[in-house]
2 protein chains.
Amino acid sequence: MEQISAAATDGYSARQNAVLESALALLVEGGERALTTAGVARAANCSKESLYKWFGDRDGLLAAMITFQSSKVRAEPRPVGEAGLPALRAQLIGIAANLLRVLAGDVSIALNRLAIGQARRDAADLGHLVLEHGRRPIETRLSALLDSGRDGGLLAFDDTREAYATLYGLIVRDRHVRLLLGDSLGDQSPAARAEEAIDQFLRLYGAEETTGPAPERAGAGNERTG
Amino acid sequence: MEQISAAATDGYSARQNAVLESALALLVEGGERALTTAGVARAANCSKESLYKWFGDRDGLLAAMITFQSSKVRAEPRPVGEAGLPALRAQLIGIAANLLRVLAGDVSIALNRLAIGQARRDAADLGHLVLEHGRRPIETRLSALLDSGRDGGLLAFDDTREAYATLYGLIVRDRHVRLLLGDSLGDQSPAARAEEAIDQFLRLYGAEETTGPAPERAGAGNERTG
DNA sequence: ATTGCAGCGTACCGTACCGTACGGTTCTGT
DNA sequence: ACAGAACCGTACGGTACGGTACGCTGCAAT
């Protein structure tokens with residue numbers, strides 16, 4: 001009969017969560033090469049034996065780090081409240097800015113680098129884990145919002161996945177890969193970037209009745225210099 | 001006085017090119033873990049001593065692999081011939097499809113995985129090399145085409161870099177990262193994807209006079225099932 | 001108090017890899 | 001033909017890491 005702590009319901013005990021946190025910090029700081037079993041044990045003040053008892057293997061530790069991190073940032077899909085184009089636009093912008101912030105986060109970058117570096121031609125175990133826990137949530141959330149916008153007559157598209165993919169491309173562009181490759185990329189604020197991307201998306205997928213969300217043409221938009 | 005072979009003008013001798021080719025094949029097949037100095041020497045039928053004499057270091061070998069691969073796929077920027085929107089559109093579609101094919105190539109994926117996996121928080125040497133040799137060429141080429149289109153009154157935008165970034169996002173979306181993470185992603189033909197992306201881009205950045213390149217709305221476009 | 005267990009710290013083993021050294025071989029220039 | 005260099009194949013040293021074993025401490029339950 002074990003006393004289950006509050007955090008244990010996420011799959012790991014509180015102590016294990018602390019160890020995973022240390023491992024993530026170690027990974028963020030020094031990359032995969034710094035993520036040795038001895039290093040994790042030393043940083044977390046635990047023994048290597050416990051690591052192997054809890055996670056079975058080094059790969060098990062890596063997988064646990066991914067699932068643990070994804071469990072932390074889980075945000076429940078906010079129920080779509082009021083209708084109307086401004087509300088839809090604001091919600092889209094909020095999600096887009098949040099997406100950009102998440103993708104640029106230290107831990108996200110480190111975990112993506114880890115999964116990509118581990119990926120082989122045939123087997124990409126961690127990569128699939130990252131896609132499952134990191135991409136699917138944002139896709140379902142954005143897709144639901146797009147569907148509701150279409151049901152409300154604000155958006156026009158046939159294939160939700162296609163519309164979502166376009167939206168994702170407009171928001172993220174190649175910033176993610178550049179960040180993964182170590183590019184600093186000028187510090188444009190995520191909010192500004194999100195707003196431009198959503199307006200472009202609405203120009204492409206907005207319903208005909210509402211000709212455009214913004215009076216100015218997309219091509220002539222002055223990018224915010226802040 | 002060494003007899004310089006034809007390929008030696010690229011910076012490496014023919015023998016060294018063969019060795020780099022073997023190294024690339026090894027990397028594609030087994031990932032970074034398979035790219036050991038002994039393995040490269042065995043696969044290329046050369047000695048480790050020669051490897052260290054030619055490339056100095058393991059990192060030197062990795063860097064040489066990147067520059068060598070980029071030197072192979074160098075395509076000279078075709079001079080923009082005739083004007084007119086159909087010609088511009090066709091050229092954009094061609095470049096876009098080529099970009100998609102290159103990004104999905106085995107060697108490109110393997111080298112990007114290598115550079116990303118090696119990247120640390122502060123130092124990302126290979127990453128910068130990949131960005132320099134892999135991204136800048138396509139950016140300059142596409143940007144020049146966009147500028148010529150604007151000069152010809154076919155496109156309307158203020159910031160070329162901004163327009164290029166949007167175009168890149170519309171073309172690639174998140175396919176690159178998905179490929180790097182090991183996702184198979186349905187076999188949509190690059191040509192079809194390129195055509196849709198370019199039409200979307202022209203809807204956003206086409207000059208006002210030519211209201212749109214395609215009569216059908218972008219949102220209702222039936223994706224080619226081929 | 002006693003007993004058992006979970007876990008910490010350390011030591012240890014086998015292995016794999018980077019980088020270097022050495023003998024033998026092939027090719028080139030004279 | 002001959003000298004020299006370049007190079008191949010292999011062997012070796014040093015190091016670092018993954019995984020396991022062992023002694024010890026503290027806590028929890030009986």
Side-chain angles (χ1 to χ4, degrees), chain A residues 1-5 7-8 11-27 29-66 113-114 117-118 120 123 125-126, chain B residues 1-8 11-27 29-65 113-114 117-118 120 123 125-126:
Chain A
M1 194 76 58
E2 36 188 89
Q3 172 70 12
I4 298 180
S5 69
Y12 296 108
S13 74
R15 180 79 183 110
Q16 290 166 15
N17 283 2
V19 170
L20 291 175
E21 201 71 53
S22 297
L24 283 175
L26 217 56
L27 176 70
E29 193 54 34
E32 184 192 348
R33 307 299 299 263
L35 199 70
T36 69
T37 55
V40 173
R42 197 179 320 117
N45 282 335
C46 78
S47 70
K48 288 173 65 176
E49 195 169 5
S50 300
L51 288 182
Y52 286 98
K53 175 190 279 287
W54 292 333
F55 309 108
D57 201 350
R58 185 177 185 265
D59 292 338
L61 174 65
L62 304 184
M65 291 167 64
I66 293 177
R113 281 179 180 160
L114 175 67
Q118 268 240 347
R120 308 265 176 282
D125 205 359
L126 293 183
Chain B
M1 196 72 62
E2 37 190 84
Q3 171 69 18
I4 298 181
S5 67
Y12 296 107
S13 74
R15 179 78 183 110
Q16 290 166 14
N17 284 2
V19 170
L20 291 174
E21 202 69 56
S22 296
L24 284 175
L26 216 56
L27 176 69
E29 192 54 34
E32 185 194 347
R33 308 298 300 263
L35 199 69
T36 69
T37 55
V40 172
R42 197 179 320 119
N45 283 335
C46 79
S47 71
K48 288 174 63 174
E49 195 168 4
S50 301
L51 288 182
Y52 285 96
K53 174 190 280 286
W54 293 333
F55 308 107
D57 200 350
R58 184 175 185 267
D59 293 337
L61 173 65
L62 304 185
M65 290 167 66
R113 281 179 180 160
L114 176 67
Q118 273 243 343
R120 308 266 178 282
D125 205 359
L126 294 183

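Naming convention: chains lettered A, B, ... in sequence-line order (proteins, then strands); numbering from 1 in each chain.
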Can you find a pair of side-chain heavy atoms, one from [X] and one from [Y], that are under 4.5 Å apart?
{"X": "B/Q16", "Y": "B/S50", "answer": "no"}
{"X": "B/R113", "Y": "B/L27", "answer": "no"}
{"X": "A/T36", "Y": "A/R58", "answer": "no"}

Check whether any side-chain N or O of A/R33 sits under 3.5 Å from a backbone N or O of B/R120 as a donor-acceptor pair, and report yes or no.
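Absent.
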
Between C/dG19 and B/K48, counting only base atoms on the nucleotide and side-chain atoms on the residue, is there a donor-acceptor pair under 3.5 Å?
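Checked by distance alone, the answer is yes.
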
Looking only at side-chain N and O atoms, does [X] come under 4.0 Å of OP1 or OP2 in [N]?
{"X": "A/S47", "N": "C/dG9", "answer": "no"}
{"X": "B/W54", "N": "D/dA6", "answer": "no"}
{"X": "A/T37", "N": "D/dG18", "answer": "yes"}
{"X": "A/R33", "N": "D/dC17", "answer": "no"}

Spacing of [X] atom [atom1] relative to [N] atom [atom2], expressed in whole Å:
{"X": "B/F55", "N": "C/dG19", "atom1": "CZ", "atom2": "C1'", "value": "16 Å"}
{"X": "A/L51", "N": "D/dC17", "atom1": "CG", "atom2": "P", "value": "15 Å"}
{"X": "B/D59", "N": "C/dC17", "atom1": "CG", "atom2": "P", "value": "16 Å"}
{"X": "B/L35", "N": "C/dG19", "atom1": "CG", "atom2": "C1'", "value": "16 Å"}
{"X": "A/Y52", "N": "D/dC22", "atom1": "OH", "atom2": "C1'", "value": "17 Å"}

Using a 4.0 Å heavy-atom cut-off, does B/R42 contact any base of the nucleic acid, only the sugar-phosphate backbone, or nothing at all?
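Here B/R42 touches no strand at all.
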
Can you tell me how far CH2 of A/W54 sits from CG of A/L20, rounded to the nearest 0.5 angstrom?
9.0 Å

Nearest to the side chain of A/K53 - D/dG19, C/dG7, C/dG9?
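Nearest to the side chain of A/K53 among the choices is C/dG7.
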
Against the side chain of A/R58, the closest entry in D/dG18, C/dC8, D/dC8 is D/dG18

Nearest nucleotide by nearest heavy atom, which residue falls closer to the 5' end of DNA chain D, A/T36 or A/E49?
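It is A/T36 whose nearest nucleotide is closer to the 5' end.
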
